[in-house]
Amino acid sequence: MRLQQKLSSDFYTRPDVVTIARDLIGKYFFSSFDGVLTGGMVVETEAYSGTSDAACHAHLGRRTKRTQIMYEQGGVAYVYLIYGIYSLFNIVTNAEGTADAVLIRAIEPIEGIEEMRLRRGLAKVEPRLTAGPGLVTQALGISTQHNGTQLSGSEIWFEDRGMLVPEDQIIAGPRVGVAYAGADALLPWRFSLKGSRWVSKANPKYPQ
DNA sequence: GCAATGATAGGCT
DNA sequence: GCCTATCATTGCC
């Protein structure tokens, strides 16, 4: 058994996106562009559950140029632009024809910290490096051009490095910034690692 | 330290 | 023309 095992298609094609989002806490997220390796341990995720979830871009079966990638078989990247500025990175999960995805909200930096600091334009290493979905993509050099990237490839991937996270170390709570979704905004589909300083700060606009 | 505000572009009606 | 799965900056309200 290898110590560093890239997550395979089987991990992403499972049917329960909420389980996958929880399982991703403690896994490792990397990018490698032009030989520059950057990434770290996933400490915060959110699940978006296809056509039945009012917070999901594919709600009610919506199919647009933007959302079509969500209907692919699990194991590809869904990257979209939010507020005209930030790229948000998601993993498409489940079978072809479903539209589930997991948003990566925060990581603990492990590899290529100096390169990530430069990409973020920070003077020092602090939570602002990777504690937020728009910050993780900046730190890893990911943008909307990476929409559709296969996670089985060599540019963007996830690894299991044997980190075992006890269930009681994972916090479940409502997702961030989805107040428009009505009752679905209350679903406890945001997961984070208890006690990690690298989890994004709660948005005071949406108190829990 | 904190709340209020502005940036900025594409999806959608 | 409005809204957005956000974050940096401003100003102390």
Side-chain angles (χ1 to χ4, degrees), chain A residues 12 17-18 20-22 24-25 29 42-72 74 76-94 98-107 109 116-149 156 171-192 197-208:
Chain A
Y12 306 113
V17 67
V18 177
I20 295 173
R22 190 190 297 112
L24 279 162
I25 302 295
F29 179 27
V42 178
V43 296
E44 185 180 357
T45 63
E46 282 177 0
Y48 288 85
S49 184
T51 58
S52 62
D53 176 6
C56 183
H57 291 161
H59 186 221
L60 302 180
R62 187 184 292 144
R63 265 183 200 265
T64 65
K65 189 172 183 204
R66 179 173 74 156
T67 64
Q68 65 181 0
I69 195 72
M70 300 185 78
Y71 293 86
E72 296 288 310
V76 299
Y78 168 42
V79 187
Y80 73 96
L81 196 68
I82 186 71
Y83 298 108
I85 310 173
Y86 299 104
S87 298
L88 267 54
F89 177 91
N90 304 255
I91 302 169
V92 174
T93 70
N94 209 337
T98 66
D100 299 351
V102 176
L103 171 67
I104 303 299
R105 289 193 55 88
I107 68 170
M116 293 195 285
R117 188 184 64 77
L118 292 173
R119 283 176 179 156
R120 290 279 299 111
L122 296 179
K124 60 186 182 106
V125 174
E126 55 183 307
R128 283 165 65 215
L129 189 66
T130 55
L135 307 184
V136 170
T137 53
Q138 265 187 22
L140 269 67
I142 293 172
S143 65
T144 53
Q145 66 178 314
H146 300 107
N147 189 47
T149 300
I156 302 172
I171 298 170
R175 294 170 292 182
V176 176
V178 296
Y180 60 87
D184 285 351
L186 303 176
L187 294 167
W189 286 359
R190 170 180 180 240
F191 299 99
S192 60
R197 66 189 287 248
W198 300 100
V199 171
S200 72
K201 283 194 287 187
N203 188 333
K205 251 162 76 180
Y206 305 100
Q208 302 202 7

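So you know, we letter chains A, B, ... as the sequences are listed, proteins then strands, and number each from 1.
- Across I107(A) and T130(A), no two heavy atoms sit closer than the pair O-OG1, 2.6 Å.
- Counting heavy atoms from C-beta outward, I104(A) and F29(A) have side chains that approach closer than 4.5 Å.
- Within the model, atoms CD1 of I91(A) and OG1 of T45(A) stand 8.5 Å from one another, a figure rounded to the nearest 0.5 Å.
- For E44(A), the salt bridge (Lys or Arg N to Asp or Glu O under 4.0 Å) test picks out R105(A), R190(A), with sequence neighbours left out.
- Proximity of R120(A) to the phosphate of dC7(C): no side-chain N or O atom is located under 4.0 Å from OP1 or OP2.
- A straight line from OH of Y80(A) to C1' of dT6(C) spans 9 Å, rounded to a whole angstrom.
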side-chain contact (heavy atoms from CB on, under 4.5 Å) for V102(A) and T93(A)? Distances and angles first, verdict last.
CA-CA 7 Å; V102(A) 176; T93(A) 70; 4.1 Å; yes

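- Within the 4.5 Å cutoff, no side-chain heavy atoms of D100(A) are placed close to those of I20(A).
- At a threshold of 4.5 Å between non-hydrogen side-chain atoms, the residues Y48(A) and R175(A) count as touching.
- In this structure, the NZ atom of K201(A) is 9 Å from the P atom of dG1(B), given to the nearest Å.
- For E46(A) and dT6(C), the CD to P distance is 7 Å, given to the nearest whole Å.
- Out of dT8(B), dT6(C), dT4(C), the shortest distance to the side chain of P133(A) is found at dT6(C).
- For R119(A), the salt bridge (Lys or Arg N to Asp or Glu O under 4.0 Å) criterion is met by E115(A), not counting sequence neighbours.
- Going from atom CG of L103(A) over to atom C1' of dT4(C) covers 13 Å, rounded to whole Å.
- If you check residues 121-132 of chain A against DNA chain C, the residues with a heavy atom closer than 4.0 Å are R128(A), G132(A), listed by number.
- Between Y48(A) atom OH and dT4(C) atom P there is a gap of 13 Å when expressed in whole angstrom units.
- The distance from atom OH of Y83(A) to atom P of dG11(B) is 16 Å, rounded to the nearest whole Å.
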In dot-bracket form, how is DNA chain C paired, counting a Watson-Crick or G-U wobble pair only if both its distances are under 3.5 Å and using | for bases paired to another strand?
||||.|||||||.

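- L122(A) places a side-chain heavy atom less than 4.5 Å from the side chain of L129(A).
- Between Y180(A) and dA5(C) there is a side-chain N or O to OP1 or OP2 distance below 4.0 Å.
- Taking every heavy atom of residues 54-66 of chain A and every atom of DNA chain B, pairs under 4.0 Å involve R62(A), T64(A), R66(A), by number.
- In this structure, CZ of F89(A) is placed 16 Å from P of dT6(C), rounded to the nearest angstrom.
- Considering OH of Y86(A) and CG of L135(A), their distance stands at 7.0 Å, rounded to 0.5 Å.
- Rounding to whole angstrom units, CG of residue L81(A) and C1' of dC7(C) are separated by 13 Å.
- Taking the side chain to side chain contact (heavy atoms under 4.5 Å, CB included) definition, one finds that A99(A) meets it with A58(A), M70(A), Y71(A), sequence neighbours left out.
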